[in-house]
Number of protein chains: 2
Amino acid sequence: MLVYFCFMGRIKTDSNTTRKEVIIRKAAELFREKGYKAASMRDLADTVGVEAASLYNHIHSKSELLHIICFDVANRFTQKMDELEAEKIPIIQKIEKLLRFHISGMVHHFEEVYVSDREWKHLADPYLSNYQNQRRTYRKRFAAIIEEGIRKKEVKKVDAPTAVLIMLHAISGIESWHRSKQKINGKELEESMIAILVGGLKTSR
Amino acid sequence: MLVYFCFMGRIKTDSNTTRKEVIIRKAAELFREKGYKAASMRDLADTVGVEAASLYNHIHSKSELLHIICFDVANRFTQKMDELEAEKIPIIQKIEKLLRFHISGMVHHFEEVYVSDREWKHLADPYLSNYQNQRRTYRKRFAAIIEEGIRKKEVKKVDAPTAVLIMLHAISGIESWHRSKQKINGKELEESMIAILVGGLKTSR
DNA sequence: AAAATACACTAACAATTGTTAGGCAAAAAG
DNA sequence: CTTTTTGCCTAACAATTGTTAGTGTATTTT
């Protein structure tokens, strides 16, 4: 017979949100803030408002949290790429659209996108190789678009993989925009970035 | 009376290299590969060829390793900025020079630069705030150069902090160039990057 | 050659880690 | 209301962590 003094209550959920989703959300915040390895399950439990052991009623392991976050993001991007490839618009517009998708992902789903971008190293096989493959082919598809642009003379002659690398990492730099004190608003940021990045690609006339 | 069976011998050093420097070098490799938190002192000891405890004859703590790496890199960049500000050359050339310095740092001192870029979060105060300040003022000085360029109409009208963010993060993307199988050579990479980045900044004529 | 220093070793520590077991209470289902 | 299920709790585990103490052997200095 055991008496509970400081009973903490259940994890609060809005309707349409499972407790697991709440945990994943908080995990993303925490992993972003401290890094996957430095964030402990006890930390996570605190921010969720529960004891560490209780988390395991909803999830299987810490690593599950990471791979859910990573693949959620990766799949969203892959899906967007599918749609984009099917569209019949000028290449330079395709590129712009893709960049805008990346930028707004980084602005509005910051925690998840950032974690998937920086912490995927800590995935365990077979998820690790899976993730790496998905990422690699995504970049190849992106590079293929740029190369098509070069053939059609819409895009300046550049090394396509290098261009992809620049674009994607430039966008991941939005991280420091989030961190900065006096930040311009999200829409301005987007336009500035597009101007520089797309401007750097267009054939100069 | 104790007899040593598998005596591993001392840490090998070239002349002009202290054992501490060897350890720091290996630490940079390890921190880059696994991340600061995931890299254990026993891992480090293994790659150095020694027992974990022996490392402490040369260093004070794990965190010392991180802050030596971070500040070595940060100071190099700060120093370069000092030199550059003093030069009397067109702004667009200044920017190009700075970018080239960053690029070749990322190509030739990859491990240290990468670690200082990605793992500084794990610095402990007061080093953490120090580092953040140094980084912030560096970026402000970079932004000031771009703003001067805009005033002199050498540079397209863009939000300067955003431009800095793009440049620096684009360069840190060289990480994935290192990782990639079929990589173009370092010099080509540099020229490609300069073309896109500086191209994106110049006033279009 | 003797003395001093540098540097490696083994053994052990306290703290923190992810995770499991088992029990009780609230919420949902009957 | 009664039963079942869900979800929280405490307690504890084994593993891994950074680090210190103490000891012995190479190497360097005298």
Side-chain angles (χ1 to χ4, degrees), chain A residues 1-24 26-27 30-31 33-69 119 122-124 127, chain B residues 1-24 26-27 30-31 33-69 119 122-124 127:
Chain A
M1 216 282 232
L2 212 152
V3 182
Y4 286 80
F5 284 101
C6 59
F7 179 67
M8 293 180 119
R10 308 200 150 192
I11 298 175
K12 282 167 206 144
T13 60
D14 315 355
S15 50
N16 301 343
T17 324
T18 69
R19 286 180 228 282
K20 184 167 184 172
E21 286 165 341
V22 173
I23 293 173
I24 294 170
K26 293 286 188 186
L30 207 65
F31 293 171
E33 197 178 303
K34 316 181 84 171
Y36 175 74
K37 273 285 174 183
S40 77
M41 293 304 274
R42 285 168 181 83
D43 287 339
L44 177 56
D46 279 353
T47 72
V48 170
V50 99
E51 287 301 314
S54 306
L55 296 171
Y56 290 85
N57 285 306
H58 307 281
I59 61 162
H60 294 94
S61 64
K62 185 185 182 186
S63 63
E64 188 199 8
L65 290 171
L66 182 62
H67 84 243
I68 288 178
I69 293 168
E119 303 293 328
H122 301 106
L123 286 169
Y127 299 104
Chain B
M1 221 282 233
L2 212 152
V3 181
Y4 286 82
F5 284 100
C6 61
F7 179 68
M8 294 180 119
R10 308 201 149 190
I11 298 175
K12 282 169 207 144
T13 60
D14 314 354
S15 51
N16 300 344
T17 324
T18 68
R19 285 180 227 284
K20 183 166 184 174
E21 285 166 341
V22 173
I23 293 173
I24 293 170
K26 293 285 187 187
L30 208 67
F31 293 170
E33 196 178 305
K34 316 183 83 171
Y36 174 75
K37 274 285 175 181
S40 77
M41 294 305 275
R42 284 168 182 83
D43 287 339
L44 178 56
D46 279 353
T47 71
V48 170
V50 98
E51 287 300 315
S54 307
L55 296 172
Y56 290 85
N57 285 308
H58 306 281
I59 61 162
H60 293 93
S61 65
K62 185 186 182 186
S63 62
E64 188 200 8
L65 289 171
L66 182 62
H67 84 243
I68 288 177
I69 293 168
E119 303 293 328
H122 302 105
L123 286 169
Y127 299 104

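This one's a predicted model, so the numbers in the text were calculated from it and none came from an experiment. Letters A, B, ... mirror the listed sequences (proteins, then strands); counts begin at 1.
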NZ (B:K20) with more than 12 external heavy atoms under 6.0 Å: yes
Please report, rounded to the nearest Å, how far the P atom of C:dA21 is from the OH atom of A:Y56. 13 Å
Reading DNA chain C from 5' onward, which residue's closest nucleotide shows up sooner: A:D43 or A:H60? A:D43
Less than 4.5 Å apart, side chain to side chain, heavy atoms only: is that true for A:L44 and A:L65? yes
Just compare D:dT6, D:dA26, C:dC9 and give me whichever is closest to any side-chain atom of B:R10. D:dA26
Rounded to whole angstrom units, what separation is found between the NZ atom of A:K34 and the P atom of C:dT16? 12 Å
Looking at the side chain of B:E51, which of D:dC8, C:dC9, D:dT20 is the nearest nucleotide? C:dC9
Given side chains that start at C-beta, do those of A:R19 and A:L55 come closer than 4.5 Å, heavy atoms only? no
Distance check: side-chain N/O of B:S54 vs OP1/OP2 of C:dC9, anything under 4.0 Å? yes
Ring of A:Y36, cation from A:K62 - is the NZ or CZ under 6.0 Å from the centre and inside 45° of the axis? yes
Starting at atom CZ of A:R42, determine the distance to atom P of C:dA15, rounded to an integer number of angstrom. 14 Å
Does A:S40 reach a base, just sugar-phosphate, or nothing at all? Heavy atoms under 4.0 Å. sugar-phosphate
Would you write the dot-bracket representation of DNA chain D, where each base gets (, ), [, ], | or . depending on whether it forms a Watson-Crick or G-U pair under 3.5 Å and with which partner? ||||||||||||||||||||||||||||||
Residue pair A:E119 / A:K37, side-chain heavy-atom distance below 4.5 Å: no
d(CG, B:L66; C1', D:dT17) in whole Å: 17 Å
Just the rounded figure in Å: distance from C1' of D:dT19 to CG of B:L44. 14 Å
Over all atoms of both residues, closest heavy-atom pair of B:H58 and B:S54: CD2-O, 3.7 Å
Applying a 4.0 Å non-hydrogen cut-off, can you work out what A:A39 is touching in the nucleic acid: base, sugar-phosphate, or nothing? sugar-phosphate
Options D:dT19, C:dA8, C:dT19, nucleotide nearest the side-chain atoms of B:S61: D:dT19
Please give, in whole Å, the distance from C:dT10 C1' to B:M41 CE? 17 Å
Main-chain N/O of B:S40 paired to B:D43 side chain as donor or acceptor, under 3.5 Å: yes
Looking only at the side chain of B:A53 (C-beta and beyond, no hydrogens), which of the listed nucleotides C:dA11, D:dG7, C:dA8 gets closest? C:dA11
From C-beta outward on A:K62, which listed nucleotide comes closest to its side chain: D:dT20, D:dC8, C:dG18? C:dG18
Quick check: do B:T18 and B:V22 have side-chain heavy atoms less than 4.5 Å from each other? no
What's the NE2-C1' distance between B:H122 and D:dT17, to the nearest Å? 15 Å
Distance-only donor-acceptor test, B:N57 side-chain atoms vs C:dA8 base atoms, 3.5 Å: yes
Rounded to whole angstroms, how far apart are CD1 on A:I23 and P on C:dG18? 14 Å
